[in-house]
> 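Take a look at this one; I'll ask things after.
In this text, all values refer to a predicted model and were calculated from it rather than measured experimentally.
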Amino acid sequence: MKRFLILAFLLVAQPAFANHPGERIDEVMTEQEPAFEVVDHPSTPNLDVEKSGGDVLRLGDLHDQIIVLSFIPRNCDSPCAKQQAVLAGVQEQVNVSPMKEMVTFVTVHDADASIQAPWDEANWRLVIPSDEETTAAAVDRFAALSSRGQDLPMAHVIDRNGRHAGIFHGAEFQKTNMTLYINGLINNVHARK
């Protein structure tokens with residue numbers, strides 16, 4: 001029943017975005033969501049990570065997917081736990097729709113970090129840094145793309161073409177706003193030309 005209600009809400013909420021089509025999604029989201037920041041970089045910083053079992057994961061391997069990338073460095077504790085819970089809620093909204101096949105959530109964490117969020121492993125990848133890199137170093141490289149500073153954990157949204165599209169800061173953003181933003185990116189906002 002809960003999934004049906006979420007799907008119904010998303011279907012009803014989409015007409016509100018109908019007046020803000022295509023490439024205005026960044027502008028609309030900036031007006032609607034204080035925790036959102038437009039980034040619009042053609043690519044992402046280098047990120048070398050491994051899945052459990054030692055298999056390397058490259059963001060480029062997630063071809064034609066929207067990627068929601070988050071980090072849990074050592075000692076992040078409550079802020080990261082709260083953000084992971086919100087992101088798991090976004091994943092729940094995404095996964096009751098056809099978007100499930102088009103979105104991958106990636107969480108980079110230190111091996112000793114605790115993950116409590118109720119993730120659906122169907123489209124969630126839990127990874128650790130490869131080689132000698134730390135999660136904190138990766139956080140710093142990605143945080144350098146933000147003009148807001150690094151006080152809160154960031155969830156980075158990467159579009160289907162590998163463009164770093166935006167950042168959702170902290171855990172206070174509305175789950176539905178991130179879901180609508182993902183939907184806008186899926187619907188060819190910055191499609192290949």
Side-chain angles (χ1 to χ4, degrees), residues 22-50 56-76 79-84 86-88 90-91 94 102-110 113 124-175 177-186 188-193:
E23 295 188 17
R24 290 198 61 230
I25 188 77
D26 290 338
E27 179 184 335
V28 172
M29 190 54 60
T30 300
E31 292 170 4
Q32 198 167 325
E33 179 56 67
F36 175 74
E37 176 184 10
V38 176
V39 181
D40 198 20
H41 286 275
S43 62
T44 62
N46 186 41
L47 182 66
D48 294 323
V49 293
E50 298 176 2
V56 174
L57 174 70
R58 291 178 183 80
L59 296 182
D61 295 342
L62 301 171
H63 177 69
D64 211 28
Q65 292 277 302
I66 302 296
I67 301 168
V68 178
L69 176 66
S70 60
F71 298 91
I72 305 177
R74 276 185 191 86
N75 303 322
C76 184
C80 286
K82 287 178 183 176
Q83 185 183 66
Q84 291 298 300
V86 172
L87 291 173
V90 171
Q91 183 195 38
V94 164
M102 299 173 245
V103 181
T104 301
F105 294 82
V106 177
T107 301
V108 180
H109 72 103
D110 287 315
W124 176 58
R125 306 293 176 265
L126 180 62
V127 296
I128 59 172
S130 299
D131 301 325
E132 299 299 316
E133 180 164 56
T134 65
T135 301
V139 166
D140 290 343
R141 277 198 314 281
F142 276 81
L145 301 176
S146 172
S147 62
R148 293 190 189 180
Q150 192 176 330
D151 295 337
L152 297 170
M154 301 177 195
H156 302 266
V157 182
I158 301 160
D159 79 4
R160 297 178 308 143
N161 301 316
R163 178 183 71 95
H164 191 286
I167 300 171
F168 284 79
H169 293 266
E172 301 303 318
F173 59 87
Q174 298 296 314
K175 293 182 286 191
N177 283 341
M178 182 183 260
T179 303
L180 290 172
Y181 186 69
I182 290 168
N183 185 299
L185 293 177
I186 287 172
N188 300 321
V189 170
H190 294 277
R192 291 183 181 97
K193 298 190 174 151

> Enter the distance from Ile66:CD1 to Asp159:CG here, rounded to the nearest 0.5 Å.
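The CG atom of Asp159 is 5.5 Å from CD1 of Ile66, to the nearest 0.5 Å.
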> Which heavy atom of Ala138 sits nearest to which heavy atom of Leu47, and what is that distance?
CB-CD1, 3.8 Å
> For Phe36 versus Gly166, what's the shortest heavy-atom pair and its separation?
CE1-CA, 3.9 Å
> Kindly say whether Pro153 contributes a backbone atom to a donor-acceptor pair with the side chain of Gln83 at under 3.5 angstrom?
yes
> Applying side-chain contact (heavy atoms from CB on, under 4.5 Å) between Val108 and each of Val139, Val127, Ile128, Ile72, report the one that passes.
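The option that passes is Val127.
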> To the nearest 0.5 Å, what is the distance between CG on Leu152 and SG on Cys80?
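It comes to 9.5 Å.
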> With side-chain contact (heavy atoms from CB on, under 4.5 Å) as the test, pick out the partner of Met178 among Val94, Val157, Val86.
Val157
> I need the minimum non-hydrogen distance between Asn177 and Met29, along with the two atoms involved.
O-CE, 3.0 Å
> Roughly how far, to the nearest 0.5 Å, is the CG atom of Asp140 from the OG1 atom of Thr134?
7.5 Å
> Can you tell me how far apart CG (Leu185) and CE (Met102) are? Round to the nearest 0.5 Å.
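The distance works out to 12.5 Å.
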> Measuring from Ile67:CD1 to Arg125:CZ, what's the distance to the nearest 0.5 Å?
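Reported value, rounded in 0.5 Å steps: 10.5 Å.
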> Looking at Ile25 and Gly184, what are the two nearest heavy atoms and their distance?
CD1-CA, 4.3 Å
> Is the shortest side-chain heavy-atom distance between Phe71 and His156 below 4.5 Å?
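With C-beta onward as the side chain, the pair touches.
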> Please say whether more than 12 non-hydrogen atoms of neighbouring residues, nucleotides or ligands are located less than 6.0 Å from CD in Glu50.
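Enclosed.
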> Looking only at heavy atoms, what is the nearest atom pair of Val103 and Val68, with distance?
CG1-CG2, 4.4 Å
> Count the heavy atoms belonging to other residues, nucleotides or ligands that lie under 6.0 Å from CD of Gln174, then report whether that count exceeds 12.
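Count not over threshold, so no.
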> What residues form a side-chain hydrogen bond (donor to acceptor under 3.5 Å, both in side chains) with Ser70, not counting sequence neighbours?
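For Ser70 the side-chain hydrogen bond (donor to acceptor under 3.5 Å, both in side chains) partners, ignoring immediate neighbours, are Gln84, Thr107.
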> Using the test salt bridge (charged side-chain N to carboxylate O under 4.0 Å, His left out), find all partners of Glu133 that sit at least two apart in sequence or belong to another chain.
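Arg141.
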> Are any side-chain N or O atoms of Asp48 and backbone N or O atoms of Ser130, one a donor and one an acceptor, separated by less than 3.5 Å?
no
> Kindly give the heavy-atom pair with the smallest separation between Phe142 and Asn46, and that separation in Å.
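Here Phe142 and Asn46 meet closest at CE1-O, 4.4 Å.
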> Got a second to check how far His169's NE2 is from Ser146's OG, nearest 0.5 Å?
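Atom-to-atom, His169:NE2 and Ser146:OG are 4.0 Å apart.
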> Check ring-ring contact (aromatic ring centres under 6.0 Å, His included) between Phe173 and all other residues, then give those that pass, not counting sequence neighbours.
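Listed in chain order: Phe168.
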